[in-house]
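Just so we're on the same page: letters track the sequence lines, and every chain starts at 1.
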Amino acid sequence: MRIRQVSCGLEWHTSPDSEVSIAPILRDYLSLDDDYSAIASALEFDDILREGFAEFRGLRILRQEPWECLVSFICSANNNIPRIKKNVNDMASAFGSPIHEGTTGENAFPSAAQLADAGEMRLRELGLGFRAKYVAAAANRVAEGEIDLFSLREASYQDALDALVELKGVGDKIANCVLLFSMDKREAFPVDVWIGRALREWYFSDSEEKVNLNQMRAWAQARFGQYAGYANQYLFHGRRLRGRD
DNA sequence: CTCCAGGTGCCGA
DNA sequence: TCGGCACATGGA
(Lines give C-alpha, C1' and ligand atoms only; values in the text may rest on other atoms or scores of the structure.)
Protein backbone atom coordinates (compact mmCIF):
# COMPACT_ATOMS: atom_id res chain seq x y z
CA MET A 1 0.00 0.00 0.00
CA ARG A 2 1.09 3.55 -0.74
CA ILE A 3 -0.81 6.18 1.19
CA ARG A 4 -0.55 9.87 1.99
CA GLN A 5 -2.64 12.59 3.52
CA VAL A 6 -3.83 15.32 1.17
CA SER A 7 -5.85 18.40 1.95
CA CYS A 8 -9.21 16.77 1.45
CA GLY A 9 -8.47 13.31 2.84
CA LEU A 10 -6.36 10.32 1.93
CA GLU A 11 -4.78 9.35 -1.37
CA TRP A 12 -3.83 5.70 -1.59
CA HIS A 13 -3.19 2.70 -3.81
CA THR A 14 -2.89 -1.02 -3.13
CA SER A 15 -1.41 -3.99 -4.94
CA PRO A 16 -2.00 -6.86 -5.57
CA ASP A 17 -5.24 -6.56 -3.53
CA SER A 18 -7.87 -4.17 -4.85
CA GLU A 19 -8.63 -0.84 -3.17
CA VAL A 20 -12.22 -1.97 -2.71
CA SER A 21 -11.20 -5.03 -0.75
CA ILE A 22 -8.71 -3.15 1.42
CA ALA A 23 -10.84 -0.06 2.12
CA PRO A 24 -12.71 -1.46 5.15
CA ILE A 25 -9.45 -2.78 6.61
CA LEU A 26 -7.77 0.59 6.20
CA ARG A 27 -10.79 2.34 7.70
CA ASP A 28 -10.56 0.06 10.74
CA TYR A 29 -6.77 0.35 11.06
CA LEU A 30 -6.85 4.15 11.06
CA SER A 31 -9.87 4.38 13.41
CA LEU A 32 -11.58 6.54 10.80
CA ASP A 33 -14.97 5.95 12.41
CA ASP A 34 -13.98 7.73 15.62
CA ASP A 35 -16.05 10.92 15.88
CA TYR A 36 -13.22 13.33 15.16
CA SER A 37 -15.16 16.56 15.49
CA ALA A 38 -16.64 15.44 18.81
CA ILE A 39 -13.17 14.57 20.06
CA ALA A 40 -11.76 17.90 18.92
CA SER A 41 -14.63 19.78 20.54
CA ALA A 42 -14.14 17.94 23.81
CA LEU A 43 -10.41 18.71 23.95
CA GLU A 44 -10.12 22.23 22.53
CA PHE A 45 -10.85 23.81 25.91
CA ASP A 46 -7.13 23.26 26.39
CA ASP A 47 -4.98 25.89 24.68
CA ILE A 48 -2.09 23.55 23.89
CA LEU A 49 -4.39 20.96 22.36
CA ARG A 50 -6.31 23.60 20.41
CA GLU A 51 -3.02 24.57 18.74
CA GLY A 52 -2.34 20.90 18.12
CA PHE A 53 -5.67 20.34 16.40
CA ALA A 54 -5.09 23.41 14.25
CA GLU A 55 -1.60 22.39 13.23
CA PHE A 56 -1.94 18.58 13.01
CA ARG A 57 -5.60 18.15 12.08
CA GLY A 58 -6.28 14.56 11.07
CA LEU A 59 -3.82 12.87 13.44
CA ARG A 60 -5.28 9.42 14.07
CA ILE A 61 -4.91 6.58 16.52
CA LEU A 62 -4.03 3.24 14.96
CA ARG A 63 -6.13 0.19 15.75
CA GLN A 64 -3.44 -2.46 15.65
CA GLU A 65 -3.73 -6.20 16.10
CA PRO A 66 -3.34 -6.67 19.91
CA TRP A 67 -0.62 -9.33 19.89
CA GLU A 68 1.59 -7.49 17.41
CA CYS A 69 0.99 -4.29 19.36
CA LEU A 70 1.90 -5.88 22.69
CA VAL A 71 5.15 -7.41 21.42
CA SER A 72 6.14 -4.23 19.61
CA PHE A 73 5.77 -2.20 22.78
CA ILE A 74 7.57 -4.78 24.91
CA CYS A 75 10.42 -4.24 22.46
CA SER A 76 10.19 -0.47 22.94
CA ALA A 77 11.43 -0.52 26.54
CA ASN A 78 14.62 1.53 26.89
CA ASN A 79 15.07 1.26 23.13
CA ASN A 80 15.15 3.61 20.15
CA ILE A 81 12.61 3.74 17.35
CA PRO A 82 14.81 2.59 14.43
CA ARG A 83 15.89 -0.46 16.40
CA ILE A 84 12.32 -1.21 17.56
CA LYS A 85 11.28 -1.26 13.89
CA LYS A 86 14.20 -3.52 13.08
CA ASN A 87 13.34 -5.92 15.92
CA VAL A 88 9.72 -6.18 14.73
CA ASN A 89 10.70 -6.69 11.09
CA ASP A 90 13.34 -9.26 12.02
CA MET A 91 10.80 -11.26 14.03
CA ALA A 92 8.48 -11.29 11.02
CA SER A 93 11.10 -12.38 8.50
CA ALA A 94 12.53 -15.03 10.84
CA PHE A 95 9.37 -16.56 12.31
CA GLY A 96 6.29 -15.22 10.48
CA SER A 97 4.32 -16.80 7.64
CA PRO A 98 4.20 -15.32 4.12
CA ILE A 99 1.44 -12.75 3.71
CA HIS A 100 0.60 -14.34 0.36
CA GLU A 101 0.63 -18.10 0.78
CA GLY A 102 3.13 -20.01 -1.33
CA THR A 103 5.30 -16.96 -1.99
CA THR A 104 8.56 -15.86 -0.47
CA GLY A 105 7.65 -12.20 -0.13
CA GLU A 106 6.97 -10.28 3.06
CA ASN A 107 6.01 -12.19 6.17
CA ALA A 108 3.19 -11.34 8.52
CA PHE A 109 3.99 -10.65 12.15
CA PRO A 110 4.40 -14.07 13.84
CA SER A 111 1.66 -15.54 15.98
CA ALA A 112 2.13 -16.16 19.69
CA ALA A 113 2.62 -19.85 18.94
CA GLN A 114 5.29 -19.06 16.37
CA LEU A 115 7.23 -16.84 18.79
CA ALA A 116 6.77 -19.37 21.60
CA ASP A 117 8.28 -22.01 19.33
CA ALA A 118 11.16 -19.69 18.47
CA GLY A 119 12.05 -19.32 22.13
CA GLU A 120 14.06 -16.81 24.12
CA MET A 121 17.48 -17.75 22.76
CA ARG A 122 16.59 -17.27 19.11
CA LEU A 123 14.84 -14.00 19.91
CA ARG A 124 17.99 -12.92 21.68
CA GLU A 125 19.99 -13.80 18.56
CA LEU A 126 17.80 -11.37 16.63
CA GLY A 127 19.07 -8.60 18.90
CA LEU A 128 16.10 -8.09 21.22
CA GLY A 129 18.42 -7.98 24.21
CA PHE A 130 16.89 -8.36 27.67
CA ARG A 131 13.42 -7.98 26.11
CA ALA A 132 13.72 -11.45 24.53
CA LYS A 133 12.84 -13.04 27.87
CA TYR A 134 9.68 -10.93 28.18
CA VAL A 135 8.55 -11.58 24.59
CA ALA A 136 9.07 -15.33 25.00
CA ALA A 137 7.17 -15.39 28.30
CA ALA A 138 4.27 -13.40 26.83
CA ALA A 139 4.20 -15.68 23.79
CA ASN A 140 3.87 -18.70 26.07
CA ARG A 141 1.09 -17.12 28.13
CA VAL A 142 -0.88 -16.15 25.03
CA ALA A 143 -0.25 -19.39 23.15
CA GLU A 144 -1.41 -21.38 26.19
CA GLY A 145 -4.57 -19.29 26.38
CA GLU A 146 -3.76 -17.99 29.86
CA ILE A 147 -4.53 -14.50 28.62
CA ASP A 148 -6.93 -13.66 25.76
CA LEU A 149 -5.88 -10.35 24.24
CA PHE A 150 -8.85 -10.00 21.88
CA SER A 151 -11.32 -10.46 24.73
CA LEU A 152 -9.68 -7.51 26.50
CA ARG A 153 -11.15 -5.29 23.80
CA GLU A 154 -14.51 -5.93 25.45
CA ALA A 155 -13.22 -5.52 29.01
CA SER A 156 -13.19 -2.26 30.95
CA TYR A 157 -10.11 -0.05 30.87
CA GLN A 158 -9.15 -0.99 34.43
CA ASP A 159 -9.73 -4.73 34.02
CA ALA A 160 -7.70 -4.82 30.81
CA LEU A 161 -4.93 -2.75 32.41
CA ASP A 162 -4.75 -5.09 35.40
CA ALA A 163 -4.57 -8.11 33.07
CA LEU A 164 -1.78 -6.63 30.92
CA VAL A 165 0.54 -5.58 33.76
CA GLU A 166 0.50 -9.18 34.96
CA LEU A 167 2.85 -9.87 32.06
CA LYS A 168 6.55 -9.49 32.87
CA GLY A 169 8.08 -6.58 31.03
CA VAL A 170 4.72 -4.80 30.77
CA GLY A 171 4.39 -1.84 33.12
CA ASP A 172 1.97 1.04 33.23
CA LYS A 173 3.32 2.82 30.15
CA ILE A 174 3.43 -0.16 27.79
CA ALA A 175 0.05 -1.40 29.00
CA ASN A 176 -1.51 1.99 28.29
CA CYS A 177 0.00 1.96 24.79
CA VAL A 178 -1.52 -1.45 24.07
CA LEU A 179 -4.87 -0.33 25.48
CA LEU A 180 -4.85 2.81 23.34
CA PHE A 181 -3.43 1.45 20.08
CA SER A 182 -5.11 -1.96 19.94
CA MET A 183 -7.89 -2.25 22.50
CA ASP A 184 -10.12 0.75 21.85
CA LYS A 185 -9.46 2.34 25.26
CA ARG A 186 -9.46 6.04 24.41
CA GLU A 187 -9.07 7.04 28.07
CA ALA A 188 -5.65 5.36 28.15
CA PHE A 189 -2.76 7.80 28.65
CA PRO A 190 0.73 6.33 28.28
CA VAL A 191 3.40 8.44 29.96
CA ASP A 192 6.78 8.06 28.31
CA VAL A 193 9.76 10.42 28.39
CA TRP A 194 8.27 12.69 25.72
CA ILE A 195 4.91 13.01 27.42
CA GLY A 196 6.74 13.58 30.69
CA ARG A 197 8.66 16.47 29.14
CA ALA A 198 5.53 17.92 27.55
CA LEU A 199 3.58 17.89 30.80
CA ARG A 200 6.42 19.30 32.90
CA GLU A 201 7.19 22.07 30.42
CA TRP A 202 3.67 23.02 29.37
CA TYR A 203 1.56 22.32 32.45
CA PHE A 204 3.76 22.00 35.55
CA SER A 205 6.46 24.52 34.70
CA ASP A 206 5.68 26.77 37.66
CA SER A 207 5.18 23.88 40.06
CA GLU A 208 7.82 23.25 42.71
CA GLU A 209 7.29 19.61 43.67
CA LYS A 210 8.15 16.93 41.15
CA VAL A 211 5.41 14.58 39.97
CA ASN A 212 6.05 10.93 39.19
CA LEU A 213 4.75 9.06 36.14
CA ASN A 214 1.68 7.63 37.89
CA GLN A 215 0.68 11.05 39.14
CA MET A 216 1.04 12.43 35.62
CA ARG A 217 -1.25 9.76 34.16
CA ALA A 218 -3.87 10.33 36.84
CA TRP A 219 -3.69 14.10 36.36
CA ALA A 220 -4.04 13.82 32.57
CA GLN A 221 -6.94 11.36 32.72
CA ALA A 222 -8.79 13.62 35.15
CA ARG A 223 -8.19 16.64 32.90
CA PHE A 224 -8.83 15.09 29.46
CA GLY A 225 -11.37 12.40 30.37
CA GLN A 226 -12.66 9.80 27.91
CA TYR A 227 -10.46 11.13 25.07
CA ALA A 228 -7.23 11.37 27.07
CA GLY A 229 -5.57 9.11 24.49
CA TYR A 230 -6.12 11.67 21.73
CA ALA A 231 -4.77 14.39 24.00
CA ASN A 232 -1.76 12.16 24.56
CA GLN A 233 -1.14 11.83 20.81
CA TYR A 234 -1.26 15.57 20.22
CA LEU A 235 1.03 16.30 23.17
CA PHE A 236 3.46 13.60 22.07
CA HIS A 237 3.49 14.67 18.44
CA GLY A 238 3.72 18.35 19.33
CA ARG A 239 6.58 17.85 21.76
CA ARG A 240 8.58 15.72 19.35
CA LEU A 241 7.96 17.79 16.22
CA ARG A 242 7.89 21.33 17.57
CA GLY A 243 10.10 20.81 20.58
CA ARG A 244 9.87 22.99 23.65
CA ASP A 245 8.53 26.19 22.02
C1' DC B 1 35.20 5.39 24.71
C1' DT B 2 30.88 7.35 26.75
C1' DC B 3 26.12 8.33 26.26
C1' DC B 4 21.51 7.30 25.25
C1' DA B 5 17.15 5.16 23.58
C1' DG B 6 8.61 5.50 23.10
C1' DG B 7 10.65 1.34 30.63
C1' DT B 8 10.49 -2.24 33.83
C1' DG B 9 11.86 -5.39 37.67
C1' DC B 10 13.98 -5.53 41.77
C1' DC B 11 16.17 -3.90 45.59
C1' DG B 12 16.70 -1.30 50.08
C1' DA B 13 14.83 2.98 52.96
C1' DT C 1 4.90 3.51 48.40
C1' DC C 2 9.30 5.65 46.51
C1' DG C 3 13.80 6.49 44.50
C1' DG C 4 18.08 4.26 42.46
C1' DC C 5 20.17 1.05 39.50
C1' DA C 6 20.91 -2.85 36.16
C1' DC C 7 19.42 -4.52 31.96
C1' DA C 8 21.25 -5.93 25.94
C1' DT C 9 22.28 -3.73 21.94
C1' DG C 10 23.85 -0.60 18.47
C1' DG C 11 24.30 4.10 16.61
C1' DA C 12 26.01 8.80 17.49
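Side-chain contact between F53(A) and L59(A) is absent, with no heavy atoms from C-beta onward closer than 4.5 Å. Residues F181(A) and Q233(A) are in side-chain contact: their nearest non-hydrogen atoms beyond the backbone lie under 4.5 Å apart. Side-chain contact between H13(A) and E19(A) is present, with at least one heavy-atom pair separated by less than 4.5 Å.
I81(A) comes within contact range of at least one nucleobase, with a heavy-atom separation under 4.0 Å. The residue R124(A) sits close only to the backbone: its heavy atoms come under 4.0 Å of sugar-phosphate atoms, none of a base. F236(A) comes within 4.0 angstrom of a base, heavy atoms only. Across all strands shown, L167(A) has heavy atoms under 4.0 Å from sugar-phosphate atoms exclusively, and none from any base.
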Quick one, R60(A) with D34(A), criterion salt bridge (charged side-chain N to carboxylate O under 4.0 Å, His left out). Give me CA distance, side-chain angles, the key distance, then yes/no. CA-CA 9 Å; R60(A) 293 284 171 167; D34(A) 277 8; 5.8 Å; no
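One atom, CD1 of I84(A), and another, P of dA8(C), lie 17 Å apart when rounded to the nearest Å. The distance from atom CZ of F130(A) to atom C1' of dG10(C) is 13 Å, rounded to the nearest whole Å. For the pair I74(A) CD1 and dA8(C) P, the interatomic distance rounds to 15 Å; values are reported in whole Å. Between K85(A) atom NZ and dG10(C) atom C1' there is a gap of 16 Å when expressed in whole angstrom units. Between the C1' atom of dG10(C) and the CZ atom of R131(A) lies a distance of 11 Å, rounded to the nearest Å.
Using P as the reference atom, dA12(C) and dG6(B) are 13 Å apart when rounded to the nearest Å. Taking the P atoms as reference points, dA8(C) lies 15 Å from dC11(B), given to the whole Å.
With a heavy-atom cut-off of 4.0 Å to chain A, the contacted part of DNA chain B has its first and last nucleotide at dA5(B) to dC10(B).
Mapping V170(A) and R83(A) onto DNA chain B by nearest heavy atom places R83(A) at the nucleotide closer to the 5' end.
Distances were taken from every side-chain heavy atom of N80(A) (C-beta onward) to each of dG3(C), dG10(C), dA8(C); the shortest belongs to dG10(C).
Under a cutoff of 6.0 Å and an axis angle of 45°, R240(A) and W194(A) form a cation-pi pair.
Here D206(A) pairs with nothing under the salt bridge (Lys or Arg N to Asp or Glu O under 4.0 Å) rule; sequence neighbours left out.
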Donor-acceptor pairs under 3.5 angstrom involving side-chain atoms of residues 137-147 of chain A: please list them, not counting sequence neighbours.
{"unit_1": "N140(A)", "atom_1": "ND2", "unit_2": "A136(A)", "atom_2": "O", "d": "3.2"}
{"unit_1": "R141(A)", "atom_1": "NE", "unit_2": "E146(A)", "atom_2": "OE1", "d": "2.9"}

